[in-house]
Protein chains: 2
Amino acid sequence: MATTETSAEPLSIGEVAERTGLSVHALRFYEREGLLVGPVQRTSGGRRRYTASDVDWLLICVKLRESGMPLADLKRFAELVRHGPGNEAERLRLLDAHRQRVDARIQALEECRSVIAWKVGVYADHLARGEADGLWDPTA
Amino acid sequence: MATTETSAEPLSIGEVAERTGLSVHALRFYEREGLLVGPVQRTSGGRRRYTASDVDWLLICVKLRESGMPLADLKRFAELVRHGPGNEAERLRLLDAHRQRVDARIQALEECRSVIAWKVGVYADHLARGEADGLWDPTA
DNA sequence: CTACGATCTAGAGCGAGGTCTAGATCAAGT
DNA sequence: ACTTGATCTAGACCTCGCTCTAGATCGTAG
């Protein structure tokens, strides 16, 4: 069980890709873009070695991205963390603003869902009754 | 109250833009891409005249897009409707598949939100206690 | 008639967020 | 030593979904 454990052993980029769901390309891209808190360590041969906290950070990044945070905001957040203690209020503001956007997005999606569900119902009814009328259809 | 009513009067592209939230550019683009059910009528001078059902369709489009349906799927849906009665089962499948994707997306967002809310809580606690420790922070 | 804003077409351009390529190097197995 | 697969860098390229431009025309108010 040495390959799947959550140990202190540094991981290769491929292993981190597996664990985070990001592609190795994306991992290098994120690093170039300054989205990581610290520089990733390297082996003598130049290969990246990710620590557990690198992976933790990436997992947070994945959630923030998945919820629609732009890379620019993620970068800003990374910069704040990189800069160290003293800016927690700003980090909080950034995260909380994002949380609000996520809430709004969820609400918007729920509204869309109800419109779509209604339309699905219209078609389902129509098919159940085997009729060609009663549907809104400009070509009918 | 002639300018804001929901009448049978055809509307100019600018009026439709106002009512749907799409830009006039986007409206022309959608038309070019075949996302509309029928061809938009024109005045003798060549200007577009949208009917109420054009607007209804566009409002559906807006909801589908807002909920993440790709233009390609929207185009497919438009083609089905344009083709007329007889393919309602496929329309239903398309819409229902989308509804499921929306549900999945909402769930994913809710998970993200809880991760983010937890992180917000961590920072809020930290600030409330005025401490510099207890935070996960690789640079500390 | 003259202005002026809205609209027209065709097509170029853009921003986000990666993805992919080429060619070299590293590391491990045999 | 040789082969194989993972990784390296720099930078080109891609998809999506519009957005914008240029230059012409329409249509309405004065």
Subject >> Worked check of salt bridge (charged side-chain N to carboxylate O under 4.0 Å, His left out) between B:Arg99 and B:Asp96 >> reply: CA-CA 5 Å; B:Arg99 190 181 53 73; B:Asp96 202 46; 2.8 Å; yes

Original post:
Does A:Arg42 have a side-chain nitrogen or oxygen under 4.0 Å from the phosphate oxygens OP1 or OP2 of D:dT9?
Top reply: yes

**OP:** Would you indicate, yes or no, if C:dT7 has its OP1 or OP2 atom less than 4.0 angstrom from a side-chain nitrogen or oxygen of B:Arg48?
**Re:** no

With a 4.5 Å limit on heavy-atom distance, are the side chains of [X] and [Y] in contact?
X        : Y        : result
B:Ile106 : B:Glu110 : yes
B:Leu71  : B:Tyr30  : yes
B:Arg48  : B:Glu31  : yes
B:Leu80  : B:His83  : no
B:Met69  : B:Leu94  : yes
B:Asp73  : B:His98  : no

**OP:** Report the relative orientation of the aromatic rings in B:Phe77 and A:Tyr123; use parallel for angles under 30°, tilted for 30 to 60°, perpendicular for over 60°.
**Re:** perpendicular

Original post:
So, does A:Arg19 use its side chain to make a donor-acceptor pair with the main chain of A:Glu15 at under 3.5 Å?
Top reply: yes

Subject >> Hphob cluster co-occupancy, A:Tyr50 + A:Val62, side-chain heavy atoms under 4.5 angstrom >> reply: yes

Original post:
Reading nucleotides 17-30 of chain C 5' to 3', which nucleotides get B (base under 4.0 Å from a protein heavy atom), which S (sugar-phosphate only), which -?
Top reply: SBBBB---BBS---

Original post:
How sharply is the helix from C:dC1-D:dG30 to C:dT30-D:dA1 bent, taking the axes over five pairs at either end and rounding to 10 degrees?
Top reply: 10°

Subject >> Interface residues of residues 94-105 of chain B with DNA chain C (non-hydrogen, below 4.0 angstrom) >> reply: none

Check the distance between [N]'s [atom2] and [X]'s [atom1] and give it to me in whole angstrom.
X       : N      : atom1 : atom2 : result
B:Glu33 : C:dA10 : CD    : C1'   : 14 Å
A:Glu31 : D:dT7  : CD    : C1'   : 13 Å
B:Lys75 : D:dT15 : NZ    : C1'   : 15 Å
B:Ile13 : D:dC26 : CD1   : P     : 17 Å
B:Asp73 : D:dC16 : CG    : C1'   : 13 Å
B:Tyr50 : C:dT7  : OH    : C1'   : 11 Å

Subject >> Between A:Asp54 and A:Thr51, a side-chain donor and acceptor under 3.5 Å >> reply: yes

